[in-house]
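First the structure, in the form of structure tokens, and then the observations on it.
Below, chain A is the first sequence line, B the second, and so on; all start at residue 1.
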Amino acid sequence: MTNKISAYPAWPYVNGPLHLGHFAGTFVPNDIFVRYQRLRGNEVLSVTGSDTHGTPVTVTAEEEGRTPRAVAEEYHALVIQNLIRLGIALNLYTHTDTENHYRITQEFFLKLYRDEYIFKQSDPQLYDVDAARFLPDRYVEGECPICHYPRARGDQCENCGNLLDPLQLINPRSRFAKPGETHTLEVRETEHFYLDLPQFNKPLLDWAKAQTHWKPNVLSFTLNYLRGDGTDENPTGLKPRAITRDLEWGVPIPPEVGDYPNKRIYVWFDAVIGYYSASVEWANDFGLGDAWKKWWTVAPDVQSYQFIGKDNIVFHTVIWPALLLGYGDGKIPLPYDVPSQEFLNLEGRKFSKSAHWAVWTHDFLAAYDPDPLRYLLATNMPEYADTDFKWSEFVRRNNDELVATWGNLANRSLTFAYKNFDKRVPTPGELNADDRALIEKSERALQVVGDAINACRFREGIEHAFAVAREANGYLNQTEPWKTIKVNRERAGTSLYVVLRVIDNLKTALYPYLPFSSNDLHRQLGYTHDLAGTFETRTIAEETRDHLVLTYIPPTTNAGWKPSALRGGEALGEPKALFKKLDESVIELETAKLGKPA
RNA sequence: GCCGAGGUAGCUCAGUCGGUAGAGCAAACGGCUCAUAAUCGUUAGGUCGUGGGUCCAAGUCCCACCCUCGGCACCA
């Protein structure tokens with residue numbers, strides 16, 4: 001049975017380049033998942049894009065004296081380069097600064113407003129006269145009214161831990177003031193739109209309680225959040241939340257609800273709507289009409305997956321479902337699973353842009369190949385707990401596992417067959433019990449790996465495939481075709497044939513993880529079509545502006561998630577090493593860069 | 001402070017319903033030479049953060065504490 005499966009990596013902020021953590025948590029698991037589902041023959045839609053809005057983008061723009069749009073476009077283009085190089089096969093990678101996204105965000109806003117899920121409210125807030133802007137909580141500093149710590153933030157005092165309102169601070173200061181400057185602050189009334197989340201509290205809790213297939217931490221976190229101090233019958237976790245800001249960068253408030261030239265819909269409201277708007281855009285960009293609706297209609301064979309980092313759980317298990325409930329009136333499916341990843345650390349510390357403690361994806365991919373990185377991120381994916389990226393670990397896994405176990409298995413078998421069996425798959429004699437057992441094990445690996453990927457247990461899948469590769473190496477050492485070829489050519493050919501069948505199966509099982517090398521191997525095994533598709537960027541023109549998008553074009557022939565049918569006598573491609581060994585000096589070279597400006 | 005996650009072999013990580021601790025890599029020893037000095041076999045290696053408790057039995061349940069990290073709602 002074919003299922004309609006959609007998979008969405010979280011939208012990255014484009015206020016700077018992306019580091020490896022962004023890929024470990026969202027793009028890589030998403031890609032493993034969708035490449036598998038496509039081979040499997042399911043109908044897959046996977047879209048996302050750059051989140052161009054939000055304060056970080058405007059802050060960067062101010063610092064650099066540019067427009068937010070210019071900043072966003074620059075890093076959006078860089079993300080696209082990362083995605084191509086790392087082979088992240090999305091149907092569409094767009095961004096939120098498009099007319100399509102504006103229109104759909106406003107549709108959500110209007111629908112929710114008309115159904116009274118959104119209300120207006122006026123509140124006093126600190127206004128920085130010199131910077132001519134209202135101050136978000138964390139942009140206010142002052143003396144804590146409780147413990148008198150002098151540098152409390154507007155939302156919370158770091159010293160005593162009490163939650164604060166910025167208006168409570170004694171002698172509040174604007175953080176927009178540069179050192180030496182004093183900005184004048186006033187309390188001004190400002191009107192904002194609020195999403196009335198309490199209306200969704202009970203329906204969301206009822207829904208979430210049924211999601212027993214979620215990861216335990218995602219489920220318990222969500223339930224806890226929704227319950228608040230209340231009960232299951234009367235949960236109190238949700239409070240109204242402001243969805244507009246006094247900003248000039250972002251989606252404008254729909255004119256139907258009033259004239260607010262200096263306010264915008266705030267980023268957390270519009271970004272999640274991107275999943276929906278990007279699906280619509282995908283169909284529009286490629287002339288597919290309303291094909292996107294297949295994945296946005298409630299049906300038993302429709303499932304959606306959100307690949308996110310743990311900091312984002314609430315937005316995907318509470319906020320976004322609330323918007324869908326309000327907008328869709330029950331006709332739009334809520335996320336089926338939200339496989340949140342924990343964090344990837346770097347040499348024992350958190351990634352930090354300001355401390356220059358980061359490995360930028362574009363730097364990494366300029367120096368090293370994509371599959372070794374995908375291998376490392378897959379085998380060390382932060383599925384259950386934070387994990388650590390270490391350069392020594394990267395070199396070790398590349399040299400001692402990827403090259404030694406898998407690359408070498410392919411290489412030693414293919415070169416032997418190529419040299420000794422006339423560049424063809426050897427024609428086997430009768431298979432003995434060991435021969436059959438190994439082939440069966442590799443065929444079963446497709447099932448085991450597929451089930452693991454389908455359940456978003458990515459490490460388990462790749463580890464199983466590698467265990468079979470190790471067995472295949474052991475089989476070769478036992479059968480010793482380099483010896484038997486001297487006395488019994490058919491027996492040697494049979495061993496080689498068995499191993500080539502196993503490799504062909506493992507190539508399929510590993511394709512979601514290692515698409516580039518699996519495609520190379522596919523060719524070396526003699527196949528004349530590709531396993532992997534290609535990437536294409538396009539400039540999409542709308543009425544007032546253009547934007548750059550990326551799309552993945554699958555191969556015309558779907559090789560399928562099925563056992564090898566390799567036959568003796570078929571021509572092989574020329575064998576070539578799949579992976580490169582890395583010199584140990586890489587460790588010192590790369591580690592030395594950490595903590596220093598680029 | 002509140003909510004949550006994690007602290008298991010030298011390293012990176014698994015441990016489902018409580019029943020004599022696992023994998024990969026690294027190490028030691030042995031084998032092989034087809035292969036990117038790659039591979040294969042064997043061995044060694046842990047008082048499972050600390051202190052209590054429940055139980056015939058606890059890494060696994062309960063309590064306290066220590067360390068690291070995330071969220072705490074207008075910095076996504």
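A centroid separation of 6.0 Å or more is found between the aromatic rings of A/Phe269 and A/Phe108.
In this view, A/Tyr117 and A/Phe200 satisfy the ring pair (Phe, Tyr, Trp, His ring centres under 6.0 Å) rule, not counting sequence neighbours. A search for ring pair (Phe, Tyr, Trp, His ring centres under 6.0 Å) contacts involving A/Tyr475 returns nothing, not counting sequence neighbours. Looking at residues two or more places apart in sequence or on another chain, you find a side-chain hydrogen bond (donor to acceptor under 3.5 Å, both in side chains) between A/Tyr194 and A/Asp123. With sequence neighbours left out, the side-chain hydrogen bond (donor to acceptor under 3.5 Å, both in side chains) criterion links A/Trp406 to no other residue. Looking at residues two or more places apart in sequence or on another chain, you find no side-chain hydrogen bond (donor to acceptor under 3.5 Å, both in side chains) involving A/Asn380. Partners of A/Lys580 according to the side-chain hydrogen bond (donor to acceptor under 3.5 Å, both in side chains) rule, which considers only residues two or more places apart in sequence or in another chain, are A/Asp369.
Along RNA chain B, the nucleotide nearest to A/Ala577 and the one nearest to A/Arg459 differ in position, and the one closer to the 5' end is contacted by A/Arg459. Position along RNA chain B of the nearest nucleotide to A/Asp386 versus A/Lys419 favours A/Lys419 as the more 5'-ward residue.
Using a 4.0 Å heavy-atom distance criterion, A/Ala410 is classed as making no nucleic acid contact. Among the heavy atoms of the strands, none lies under 4.0 Å from A/Ile462. Residue contacts shown for A/Ala404 are limited to sugar-phosphate atoms, with no base heavy atom under 4.0 Å away. Contact annotation for A/Gly237: base contact, defined as any heavy-atom pair under 4.0 Å involving a base atom. Nucleic acid contact class of A/Lys483 (heavy atoms, under 4.0 Å, all strands): sugar-phosphate only. When heavy atoms are screened at a 4.0 angstrom cut-off, A/Leu238 is found touching base atoms of the nucleic acid. If you check every strand for non-hydrogen atoms under 4.0 Å, A/Asp388 touches sugar and phosphate atoms only. At the heavy-atom level, A/Tyr384 lies under 4.0 Å from the strands shown only through sugar-phosphate atoms. Among the heavy atoms of the strands lying under 4.0 Å from A/Asn380 are primed sugar atoms or P, OP1, OP2 only; no base atom is included. Nucleic acid contact for A/Thr387: sugar-phosphate only, since backbone atoms but no base atoms lie under 4.0 Å from a heavy atom of the residue.
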5'-to-3' dot-bracket of RNA chain B (Watson-Crick, G-U; under 3.5 angstrom; crossing pairs as [ ]; | other strand): (((((((..((((.....[..)))).((((.........)))).....(((((..]....))))))))))))....
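Side-chain N/O atoms of A/Asn217 and A/Glu342 include a donor and acceptor closer than 3.5 Å. In summary, the side chains of A/Asp246 and A/Thr190 do present a donor paired with an acceptor at a separation below 3.5 Å, with no hydrogens or angles considered.
Counting only residues at least two apart or on different chains, the ring pair (Phe, Tyr, Trp, His ring centres under 6.0 Å) pairs with a member in residues 367-391 of chain A are A/Phe364-A/Tyr368, A/Phe364-A/Trp391, A/Tyr368-A/Trp391, A/Tyr368-A/Phe394, A/Tyr375-A/Phe466, A/Phe389-A/Trp391, A/Trp391-A/Phe394. Evaluation of the salt bridge (charged side-chain N to carboxylate O under 4.0 Å, His left out) test over residues 405-421 of chain A, restricted to residues two or more places apart or in two chains, returns none. Legend: side chain to side chain donor-acceptor pair (under 3.5 Å) pairs involving residues 265-276 of chain A, not counting sequence neighbours, sorted by first then second residue: A/His53-A/Asp270, A/Thr55-A/Tyr266, A/His101-A/Asp270, A/Tyr275-A/His316.
Taking atom CZ of A/Arg241 as the reference point, atom C1' of B/G71 lies 11 Å away to the nearest angstrom. Per the geometry, CZ belonging to A/Arg412 stands 13 Å off P belonging to B/A37, to the nearest Å. We find that NZ of A/Lys215 is positioned 10 Å from P of B/A14, with the value rounded to whole Å. At whole-Å resolution of the value, CG in A/Asn473 and C1' in B/G24 are 14 Å apart.
Judged by distance alone, with hydrogens and angles left aside, A/Asn399 brings no side-chain donor or acceptor close enough to the base of B/A38 to form a pair under 3.5 Å. Side-chain N/O atoms of A/Asn477 and base N/O atoms of B/U39 include a donor-acceptor pair closer than 3.5 Å.
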Polar pairs (N or O, both sides) under 3.5 Å between protein and nucleotides 25-27 of chain B?
residue : atom : partner  : partner atom : Å
B/C25   : O2'  : A/Arg396 : NE           : 2.8

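Under the 4.0 Å criterion applied to side-chain N and carboxylate O atoms, A/Lys390 and A/Glu393 are not assigned as salt-bridge partners.
Close to B/A76, at under 4.0 Å from its OP1 or OP2, lies a side-chain N or O of A/Tyr13. Between A/Lys581 and B/A37 there is no side-chain polar atom (N or O) within less than 4.0 angstrom of OP1 or OP2. Phosphate proximity of B/C11 to A/Lys390: absent, as no side-chain N or O sits under 4.0 Å from OP1 or OP2. OP1 or OP2 of B/A76 sits under 4.0 Å from a side-chain N or O of A/Tyr266.
Residue ring and nucleobase are stacked for A/Trp482 and B/C34, with a centre distance beneath 5.5 angstrom and an angle between planes beneath 30°.
Of all the residues in residues 314-324 of chain A, A/Phe315 reach under 4.0 Å from RNA chain B with at least one non-hydrogen atom.
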